[in-house]
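Please read these numbers as outputs of a predicted model, since none were measured by experiment.
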Amino acid sequence: MMDYEAARTKMVDNQIRTTDVTSHSVLSAFLSVAREAFVPEKLKSLAYIDTDLEVSPCRFIMEPSPLAKLVQLAAIGKGDKVMEIATASGYGAAILAQLADKVVALESDADLAEMARANLAGQGVDNVTVCVGPLENGWQPEAPFDVILINGSVEVVPEALFSQLKDGGRLLAVVGYGLSSRAKVFVREQGHVSEKNEFNTSVQPLPGFRKISEFVF
């Protein structure tokens with residue numbers, strides 16, 4: 001039988017620490033959350049490999065290294081309220097729950113949302129609320145948020161998400177597709193949003209975040 005705890009430690013040591021993730025709280029979160037509990041049975045033996053894992057058609061758990069780097073950049077405090085966009089099976093939400101006071105995990109697929117609820121409950125995570133709705137709309141009933149993390153790559157970040165940040169709030173997203181994509185931190189201050197490129201990466205794309213085509217006359 002596979003030693004998942006040993007595999008988890010190896011993932012943190014070989015995939016996460018080696019990519020400039022140094023935050024003790026972030027490393028502890030990845031060491032404490034059982035990734036194998038958030039993947040289908042047939043993938044459990046692959047739970048700790050260095051890649052995105054498909055948990056539903058075209059929906060993935062993000063590769064450990066870029067996820068950890070995004071979480072570290074978010075600089076989440078114990079009193080923060082965080083929204084995760086596209087929770088899929090709930091793994092990212094479980095990580096964020098170790099760091100934040102409250103997590104709202106948004107999912108557009110009702111079956112995935114139910115899976116996430118079951119997985120989180122099975123791991124004793126009690127500070128995550130899983131909500132169902134269009135990913136690009138965010139979740140206005142719980143806004144504003146200290147941190148919003150988009151769990152997948154997008155072509156554009158909708159204004160609706162920026163409007164749900166608190167003043168001083170951070171939004172983390174991978175913008176672009178394939179090898180040209182970049183992880184960015186957006187900060188909202190006094191109604192204005194600034195952005196900073198942080199690192200190049202390639203993660204699986206999310207549906208619903210395409211630029212609107214403009215007519216040219």
TODO: Quick one: pull up CE in M115 and CG in L120 and give me the separation to the nearest 0.5 Å.
DONE: 11.5 Å
TODO: Could you give me the CA-CA distance, side-chain angles and deciding distance for F209 and E155, then say whether side chain to side chain contact (heavy atoms under 4.5 Å, CB included) is met?
DONE: CA-CA 6 Å; F209 289 89; E155 187 174 18; 5.5 Å; no
TODO: Check whether any side-chain heavy atom of I148 sits under 4.5 Å from a side-chain heavy atom of L172, and report yes or no.
DONE: no
Open item on the list: Set out, in order, the CA-CA distance, both residues' side-chain angles and the distance that settles side chain to side chain contact (heavy atoms under 4.5 Å, CB included) for C131 and E107, then state yes or no.
Closed with: CA-CA 6 Å; C131 302; E107 181 47 60; over 6 Å; no
Task: Side chain proximity check, P40 to V55, heavy atoms < 4.5 angstrom - done: yes
Open item on the list: Can you confirm whether more than 12 heavy atoms, excluding those of K166, are under 6.0 Å from its NZ atom?
Closed with: yes
Task: Nearest-0.5 Å distance that lies between atom OH in Y4 and atom NZ in K44 - done: 6.5 Å
Task: T19 (side chain) donor-acceptor with Q15 (main chain) under 3.5 angstrom - done: yes
- [ ] Please check if the side chain of Q72 supplies one atom and the backbone of D20 the other of a donor-acceptor pair under 3.5 Å.
- [x] yes
Task: Derivation and outcome, side chain to side chain contact (heavy atoms under 4.5 Å, CB included), residues I85 and N151 - done: CA-CA 6 Å; I85 303 291; N151 203 334; over 6 Å; no
- [ ] Mind listing the closest non-hydrogen atom pair of T87 and R59 along with its distance?
- [x] N-NH2, 4.5 Å
Task: Rounded distance (nearest 0.5 Å) linking atom CD1 of I16 with atom NZ of K10 - done: 14.0 Å
Open item on the list: Please determine whether residues V154 and V156 belong to a single hydrophobic cluster, defined as Ile, Leu, Val, Met, Phe, Trp and Tyr linked transitively by side-chain heavy-atom distances below 4.5 Å.
Closed with: no
TODO: Report whether V174 and L206 are members of the same hydrophobic cluster (ILVMFWY, side-chain heavy atoms less than 4.5 Å apart, transitive linking).
DONE: no
Open item on the list: Between the side chains of E5 and R8, is the shortest nitrogen-to-carboxylate-oxygen separation below 4.0 Å, so that they form an ion pair?
Closed with: no
Task: Trace of the side-chain hydrogen bond (donor to acceptor under 3.5 Å, both in side chains) decision for Y48 with E36 - done: CA-CA 8 Å; Y48 292 98; E36 73 275 9; 2.3 Å; yes
- [ ] Flag the pair K102 / T129 as yes when at least one side-chain heavy-atom distance between them is below 4.5 Å, and no otherwise.
- [x] yes
TODO: Determine, for K184 against E195, whether the closest basic-nitrogen to carboxylate-oxygen distance falls under 4.0 angstrom.
DONE: yes
- [ ] Examine V33 and L149 and state if one hydrophobic cluster contains both, with Ile, Leu, Val, Met, Phe, Trp and Tyr joined whenever side-chain heavy atoms are less than 4.5 Å apart.
- [x] yes
Task: Beyond-backbone contact of R188 with P144, side-chain heavy atoms, under 4.5 angstrom - done: no
- [ ] For the pair Q164 (side chain) and A160 (backbone), establish whether a donor and an acceptor sit closer than 3.5 Å, ignoring hydrogens and angles.
- [x] yes
- [ ] Measure the OG-CZ distance between S153 and R182 for me, rounded to the nearest 0.5 Å.
- [x] 15.0 Å
Open item on the list: Any heavy-atom pair between the side chains of E63 and S202 that's under 4.5 Å?
Closed with: no
Open item on the list: Minimum heavy-atom separation for E84 and G92, please, with both atom names.
Closed with: OE2-CA, 3.4 Å
TODO: Quick one: closest heavy-atom pair of A68 and V26, and the distance?
DONE: O-CG1, 4.0 Å
Task: Contact summary for L161 and N137, nearest pair of heavy atoms - done: CD2-C, 4.1 Å
TODO: Give, for atom NZ of K81 and atom CE of M83, the distance between the pair rounded to the nearest 0.5 Å.
DONE: 10.0 Å
- [ ] Determine whether V104 and L112 fall in the same hydrophobic cluster, where Ile, Leu, Val, Met, Phe, Trp and Tyr are linked whenever their side-chain heavy atoms lie under 4.5 Å apart.
- [x] no
Open item on the list: Between L171 and V157, is there a side-chain heavy-atom distance shorter than 4.5 Å?
Closed with: yes
- [ ] Compare every heavy atom of P66 with every heavy atom of V203, then report the nearest pair and how far apart it is.
- [x] CG1-CG, 3.9 Å
Open item on the list: Could you check whether any side-chain heavy atom of M62 comes within less than 4.5 Å of a side-chain heavy atom of Q204, counting everything from C-beta outward?
Closed with: no
TODO: Check whether F60 and F30 end up in the same hydrophobic cluster, where Ile, Leu, Val, Met, Phe, Trp and Tyr are linked by side-chain heavy atoms less than 4.5 Å apart.
DONE: no
Task: Residue pair T9 / L31, side-chain heavy-atom distance below 4.5 Å - done: yes
- [ ] Dump the intermediate steps for side chain to side chain contact (heavy atoms under 4.5 Å, CB included) on V82 and D146, then the final yes or no.
- [x] CA-CA 6 Å; V82 177; D146 297 285; 5.7 Å; no
Task: S65 OG to D50 CG distance, which is reported to the nearest 0.5 Å - done: 7.0 Å
TODO: Ignoring hydrogens and angles, tell me if any N or O in the side chain of S45 forms a donor-acceptor pair with the backbone of K42 under 3.5 Å.
DONE: no
TODO: Output yes when K69 and E198 qualify as a salt bridge under the 4.0 Å nitrogen-oxygen rule, no when they do not.
DONE: no
- [ ] Write down the atom of R170, the atom of D80, and the distance for their closest heavy-atom approach.
- [x] NH2-OD2, 3.4 Å
Task: Aromatic ring pairing F38/Y91, orientation class (parallel under 30°, perpendicular over 60°, tilted between) - done: perpendicular
